[in-house]
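Some notes on the structure that comes next.
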Amino acid sequence: MDEEGLGYCYLGTTVYMPQMIIDTLRLPQLVMPVATLTVGWPAEEPRLSDRLPLESFVHQETYQDYLANDIDTYYHDKENLEENLNFVKINHKETLAQVFTDIRYTRKDNEAMSKELINVLVRQGFLPHTILQGHI
């Protein structure tokens with residue numbers, strides 16, 4: 001897409017608000033949105049966002065867990081960008097990871113989103129209704 005001049009943005013919110021997407025697109029049973037990608041020709045030439053290196057999220061053949069040192073290596077450049085240093089500072093944290101885990105995506109928020117995701121999976125027919133009562 002880059003070669004054609006298209007801009008795109010992966011929206012991570014798809015798994016946080018699947019019911020809204022299901023309702024808007026009128027998705028039938030056994031159809032579940034898992035990713036949203038917006039695509040279009042930008043009205044300007046924006047600079048590229050601070051992306052993580054591919055090896056930080058692409059796995060070859062099998063999943064490999066990350067060691068703390070791996071995470072530090074992958075996030076080094078991103079952590080040291082001026083705007084991210086300022087973002088960390090104004091949020092009174094030491095690292096970007098702390099901003100995202102302590103402020104933006106808290107445990108309480110993640111648990112609520114997970115509960116809603118399970119409810120949607122039941123409504124879409126992927127899980128039995130009994131799972132909502134704690135039974136499988």
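Below, all heavy atoms of this structure are taken into account, side chains as well, without hydrogens, waters or symmetry copies.
- With hydrogens and angles disregarded, no donor-acceptor distance shorter than 3.5 Å links the side chain of Asp109 to the backbone of Tyr105.
- Atom CD1 of Ile21 sits about 6.0 Å away from atom OG1 of Thr13, to the nearest 0.5 Å.
- Using a 4.5 Å cut-off between side-chain heavy atoms of Ile, Leu, Val, Met, Phe, Trp and Tyr, with links allowed through other members, Tyr8 and Leu54 fall into different hydrophobic clusters.
- Minimum interatomic distance between Phe126 and Met32 (heavy atoms only, all atoms of both residues): CE1-CB, 3.6 Å.
- The nearest pair of heavy atoms linking Asp70 to Asp65 is OD2-O, 4.4 Å.
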**OP:** Report the C-alpha separation of Trp41 and Leu6 in whole Å, then their side-chain angles, then the decisive distance to 0.1 Å, and conclude whether the side chain to side chain contact (heavy atoms under 4.5 Å, CB included) test is met.
**Re:** CA-CA 5 Å; Trp41 280 275; Leu6 285 168; 3.2 Å; yes

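- Closest non-hydrogen pair, Pro33 versus Leu27, comes out as CD-CD1, 3.7 Å.
- A donor-acceptor pair shorter than 3.5 Å cannot be found between the side chains of Glu82 and Asn86.
- Taking each heavy atom of Gly7 and Pro42 in turn, the nearest pair found is N-CD, 3.6 Å.
- Checked by atom type and distance alone, the side chain of Tyr16 never pairs as donor or acceptor with a backbone atom of Glu116 at under 3.5 Å.
- The environment of NE2 in His76 is sparse: at most 12 heavy-atom neighbours from other residues, nucleotides or ligands sit within 6.0 Å.
- Rounding to the nearest 0.5 angstrom, the gap separating the CG atom in Asp102 from the NZ atom in Lys93 is 4.0 Å.
- Using a 4.5 Å cut-off between side-chain heavy atoms of Ile, Leu, Val, Met, Phe, Trp and Tyr, with links allowed through other members, Leu25 and Val31 fall into the same hydrophobic cluster.
- The distance from the CZ atom of Arg104 to the CG atom of Asn91 is 8.5 Å, given to the nearest 0.5 Å.
- Atom CD of Glu94 sits in a sparse spot, with 12 or fewer heavy atoms from other residues, nucleotides or ligands closer than 6.0 Å.
- Of the candidates Leu117, Asn119, Ile118, Asn119 is the only one forming a side chain to side chain contact (heavy atoms under 4.5 Å, CB included) with Lys115.
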Original post:
So Arg107 and Glu111, salt bridge (charged side-chain N to carboxylate O under 4.0 Å, His left out) or not? Walk me through it.
Top reply: CA-CA 6 Å; Arg107 179 182 182 134; Glu111 288 173 349; 2.9 Å; yes

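- In this structure, Tyr75 is a member of the same hydrophobic cluster as Tyr66, with clusters built from ILVMFWY side-chain heavy atoms closer than 4.5 Å.
- A side chain to side chain contact (heavy atoms under 4.5 Å, CB included) with Glu79 is found for exactly one of Thr95, Leu85, Asp72, namely Thr95.
- Residues His129 and Val122 approach most closely at CD2-CG1, 3.5 Å, considering heavy atoms.
- Note on Tyr10: it does not cluster hydrophobically with Val15, by side-chain heavy-atom contacts below 4.5 Å among ILVMFWY residues.
- When atom types are taken as modelled, the side chain of Thr36 and the backbone of Thr14 share no donor-acceptor pair closer than 3.5 angstrom.
- The minimum heavy-atom distance linking Phe87 with Val99 is given by the pair CE2-CG1, 3.5 Å.
- Interatomic distance, NZ of Lys78 versus CD of Glu83, reported as 9.0 Å (0.5 Å rounding).
- Grouping the Ile, Leu, Val, Met, Phe, Trp and Tyr side chains by contacts below 4.5 angstrom, directly or via other members, places Val120 with Leu30.
- With rounding to the nearest 0.5 angstrom, the OG1 atom of Thr106 is 7.0 Å from the CE atom of Met113.
- Distance check, rounded to the nearest 0.5 Å: CE of Met20 to OG1 of Thr24 gives 7.0 Å.
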